[in-house]
Amino acid sequence: MGGALLHTYDRSSGFQPGALAWRCFLSYPNDRFSVFASAQRADSLFDPQVGIMLRRAFREQFLDVTLKPRPGGWLSFIRQLDIKPVSISHTQNDDDGSIQSFSYTFQWLGLDTRKGDRISMGHSVVAEGLRAGFSPAPTLQFAPGLYWWRQNSARISTFRGRRLAVDSRLQWGGYFDGRSVQHQTEVWWRGSRHAQLSLRLELNDIQTDAGSWSTTLVGSRIGYALNARCFGSLLTQWNSAQDELNLNFRFQYIPFVGADVFLIVNQVWRGDGQGEERRFLPLRQVVMTKVIWRFVA
């Protein structure tokens with residue numbers, strides 16, 4: 001168990017007793033059964049000008065309960081199950097206690113095989129409380145209010161140590177006052193001890209009363225290592241939301257332990273035109289080098 005208590009002080013406004021934030025937690029990390037619970041709060045006057053805050057003027061309660069038995073017998077191919085009957089995150093506005101965001105997830109299937117593969121499936125109840133209009137995309141606009149919806153998720157991933165590995169995720173169900181489907185798949189192919197290739201595909205489709213929005217992201221990465229001291233990678237990626245094609249080249253050389261030499265090239269092209277006249281025009285290009293030399297004085 002543990003916790004923290006913080007207070008901020010600003011000389012321009014003087015001492016304010018309410019400029020407080022606190023957090024406490026209880027963790028029971030066991031192999032077959034684990035529990036994690038936490039609570040935290042940040043007052044509206046709490047202002048850490050040196051630091052990072054993801055939310056302001058909030059209260060949050062979190063509870064996660066996990067069952068992880070190790071079956072035997074005819075289920076001996078399963079190394080460990082991972083069932084979450086309860087995983088709740090509840091965030092409130094500090095001034096009136098109204099819901100800022102809420103999520104309850106029941107992971108009814110989760111398992112790791114002895115060969116390193118993993119499968120999981122779950123169901124979630126989600127809520128978002130909007131005090132102002134929210135526009136996640138140019139064609140979507142949600143009015144202030146409290147929105148509730150349900151989502152389902154499924155994921156399957158194979159052992160990354162194999163010559164060919166796959167990680168695929170799917171999430172579908174509600175989204176504010178409509179529905180959404182999100183899919184992401186990444187494939188890795190290890191050609192040799194020197195070379196590796198990965199392909200990535202992301203699809204997002206949102207259909208609501210306010211409008212619709214669909215995006216596609218396609219990417220690939222090639223990695224090659226001459227030896228343990230000289231290696232590099234080439235990443236290419238296109239996304240339909242900005243209609244941009246990105247290229248990133250990264251080279252690293254280690255002349256000796258404690259020294260590194262980097263060469264990085266970033267290029268971005270923007271799509272223009274339609275049909276046969278469509279082409280990609282250069283948008284920006286950056287070339288960077290960096291040399292690191294560590295020594296003991």
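The figures that follow rest on heavy atoms only: side chains count, while hydrogens, waters and symmetry mates do not. These figures come from a predicted structure and were not determined experimentally. One is the number of the first residue; the rest follow in order along the sequence.
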> Do S38 and Q61 touch side chain to side chain, with heavy atoms closer than 4.5 Å?
Replying inline: no
>> Ignoring hydrogens and geometry beyond distance, is a side-chain donor-acceptor pair present between R59 and Q40 at under 3.5 Å?
In response: no
>> When you compare the side chains of E60 and Q92, does any donor N or O come within less than 3.5 Å of an acceptor on the partner?
In response: no
> With a 4.5 Å heavy-atom cut-off, do S27 and F36 have their side chains touching?
Replying inline: yes
> Which residues pass the ring-ring contact (aromatic ring centres under 6.0 Å, His included) test with W148, sequence neighbours left out?
Replying inline: F102
> Mind checking whether F295 and W293 have parallel, tilted or perpendicular rings, split at 30° and 60°?
Replying inline: tilted
>> Salt bridge or not between R200 and D167? Use side-chain N to carboxylate O under 4.0 Å.
In response: no
> Does a side chain donor of either Q237 or N239 reach within less than 3.5 Å of an acceptor in the other side chain?
Replying inline: no
> In terms of heavy-atom contacts, does CE of M288 have more than 12 from other residues, nucleotides or ligands at under 6.0 Å?
Replying inline: yes
> Taking the six-membered ring for Trp, are F176 and Y147 parallel (under 30°), tilted (30 to 60°) or perpendicular (over 60°)?
Replying inline: perpendicular
>> Under 4.0 Å between a side-chain nitrogen and a carboxylate oxygen: does that hold for D112 and K68?
In response: no
> Is it true that the side chains of Q184 and R169 contain a donor and an acceptor less than 3.5 Å apart?
Replying inline: no
> Taking NZ, NE, NH1 and NH2 as the nitrogens, is one of them in D117 or R162 under 4.0 Å from a carboxylate oxygen of the other?
Replying inline: yes
>> So, using ring-ring contact (aromatic ring centres under 6.0 Å, His included) as the criterion, who are the partners of Y9 when residues are at least two apart?
In response: none
>> Less than 3.5 Å apart, any donor N or O on the side chain of S87 or D64 sitting next to an acceptor on the other?
In response: yes
> If we only count heavy atoms from C-beta on, is the L247 to L234 side-chain gap below 4.5 Å?
Replying inline: yes
> Does a side-chain N-to-carboxylate-O contact under 4.0 Å join R229 and D260?
Replying inline: no
>> Quick test of your reading of the model: are D94 and R41 salt-bridged, counting only N-O distances below 4.0 Å?
In response: yes
